[in-house]
Amino acid sequence: MENADNGGIVWSDRKRIAFGLPWTFTKYTLTKEKLLIHTGMLNTQEDEVRLYRIMDVTLRRSLWERMFGLGTCLLYTSPSPRDK
């Protein structure tokens, strides 16, 4: 999987669980063409979702999450050709 160059990165952040602190080993990077998800510390995994496959987006935010500027983003994607 290719790494995103700094010129193409639109947004990057870590997964946050409690009180808005990044206590996990999950990092999200959004470029102009894809969403990259890096997980793990010792055993790592990199997932890539091409943006053209995203069909719908839902954002869920409780009162507590809104107070800290957080939320849960759900992406509904079309199946990959390799999944068929």
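The shown structure was predicted, so the numbers you read here are calculated from the model rather than taken from an experiment. Heavy-atom basis, side chains included; hydrogens, waters and symmetry copies ignored.
- Closest heavy-atom contact between S12 and K27: OG-CE, 3.3 Å.
- The backbone N or O of S78 sits less than 3.5 Å from a side-chain atom of R53, completing a donor-acceptor pair.
- Listed by chain and number, the residues in a side-chain contact (heavy atoms from CB on, under 4.5 Å) with L74 are T58, R60, T72, Y76 (sequence neighbours excluded).
- In the hydrophobic clustering, L35 connects to V10, W11, Y28, L30, I37, V49, L51, I54, V57, L75, either directly or through intervening members, whenever side-chain heavy atoms lie under 4.5 Å apart.
- R50 is listed as a side-chain neighbour of E48, based on a closest heavy-atom distance under 4.5 Å.
- At least one side-chain heavy atom of T29 sits under 4.5 Å from a side-chain heavy atom of I9.
- Between atom CZ of residue R66 and atom CZ of residue R61 there is a gap of 7.0 Å, rounded to the nearest 0.5 Å.
- When only modelled atom types and interatomic distance are considered, D47 and Q45 share a side-chain donor-acceptor pair under 3.5 Å.
- Separation of atoms OG1 (T24) and CZ (R14) is listed at 7.5 Å; rounding is to 0.5 Å.
- The other residues sharing a hydrophobic cluster with F25 are M41, L42, where clustering joins ILVMFWY side chains under 4.5 Å apart.
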